[in-house]
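So the structure is just underneath, and the comments pick up after that.
Just so we're clear, the structure is a prediction, and the values are computed from it rather than from any experiment.
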Amino acid sequence: MAPRRFRTTARDRSRRVLSQNFLADPAAVARMVRAARPGPDDLLLEVGAGDGRLTRPLAARCGRLIAYEVEPAVLTRLAAACVDLPQVRVRPADFLAAAPPDEPFAVVGNIPWSLTAGVVRWCLAAPGLRSATLLTQLAYARKRTGEHGRWSRLTVLTWPEHHWRLAGRVPRTAFRPVPAVDGGILRIERRPEPLLPRTALPAYRRMVELGFGGVGGSLAASLRTAHPRRRVEGALRAARLDPDVPVGLVWPEQWLVLCRLLHAVDPGLRPAR
């Protein structure tokens, strides 16, 4: 069956400028809801709620939902879609300017792709965040989750406290208007306890920044600017890393090994609560 063709409207052209496209495929909506895994007592914050296509099925599975939408052209339709949902509060405000709730919460959204980096930063900085399920460009989701065997600085920096994974792919034809690329469901989960003691996290981040900074021309050379050569060589062997390995090919788990050995972190020490 040929994909359904949608008529382009002025509102569609506006959404293109904002780099946001509505989900038009019920199967893709259901995939997002499954990836978000909302519970009956959960508080959800939805980013870029649009006309409520995703809002209603999320609200049916959570305790409370705050739907953020800034575009006046769709706010009326969003409010109408949620009029019979007392657990939903429509908030005509900029999500990025909002203060995070004081209680545990999750973020879900088919977000404007031009704002992806800002939304991710907001989520990572929010103390009460339990998870974020974001529909982004597929290339972005792959980059952040090591899909091609390469890992980004942001993912590695936050790995001790956050788990990143690609939770699904959404074809471009599932959106209206149809974008140029496919979407990817990015799932970020805050770990119940960090993989390192909290007291070791600053040293871990400094080590990762040093490695990605490329000061010495290679990972080994960069690490040797802050640690004795023999200790660096031993740590690389323990992590099964070639001294000349490109920094982007170092897996998060290998960074943890490097940190434990270079900073004498006891792997059996329980993380501080």
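- Using a 4.5 Å heavy-atom cutoff, the side chains of Arg231 and His263 are not in contact.
- The pair Glu69-Arg77 does not count as a salt bridge, with every side-chain nitrogen at least 4.0 angstrom from each carboxylate oxygen.
- Side-chain contact of Arg187 with Thr133: a donor-acceptor pair under 3.5 Å is present, judged by distance alone.
- Arg153 CZ: more than 12 foreign heavy atoms inside a 6.0 Å radius.
- Between the side chains of Ser152 and Arg144, at least one donor N or O lies within less than 3.5 Å of an accepting N or O.
- Within the 4.5 Å cutoff, the side chain of Val170 has heavy atoms near those of the Leu23 side chain.
- Using a 4.0 Å cut-off between charged nitrogen and carboxylate oxygen, Arg56 and Asp84 count as a salt-bridge pair.
- Ring centroid separation for the pair Trp159 and Trp151 comes in under the 6.0 Å cut-off.
- Residues Tyr204 and Val156 come closest through the heavy atom pair OH-O, 2.6 Å.
- At most 12 non-hydrogen atoms from other residues, nucleotides or ligands lie less than 6.0 angstrom from CZ of Arg229.
- Of the charged side-chain nitrogens involved, at least one lies within less than 4.0 Å of a carboxylate oxygen, so that Arg37 and Glu189 count as a salt-bridged pair.
- Atom-to-atom distance recorded for Trp122:CH2 and Leu45:CG is 5.5 Å, nearest 0.5 angstrom.
- Atom CZ of Phe212 and atom CE of Met207 lie 10.0 Å apart (nearest 0.5 Å).
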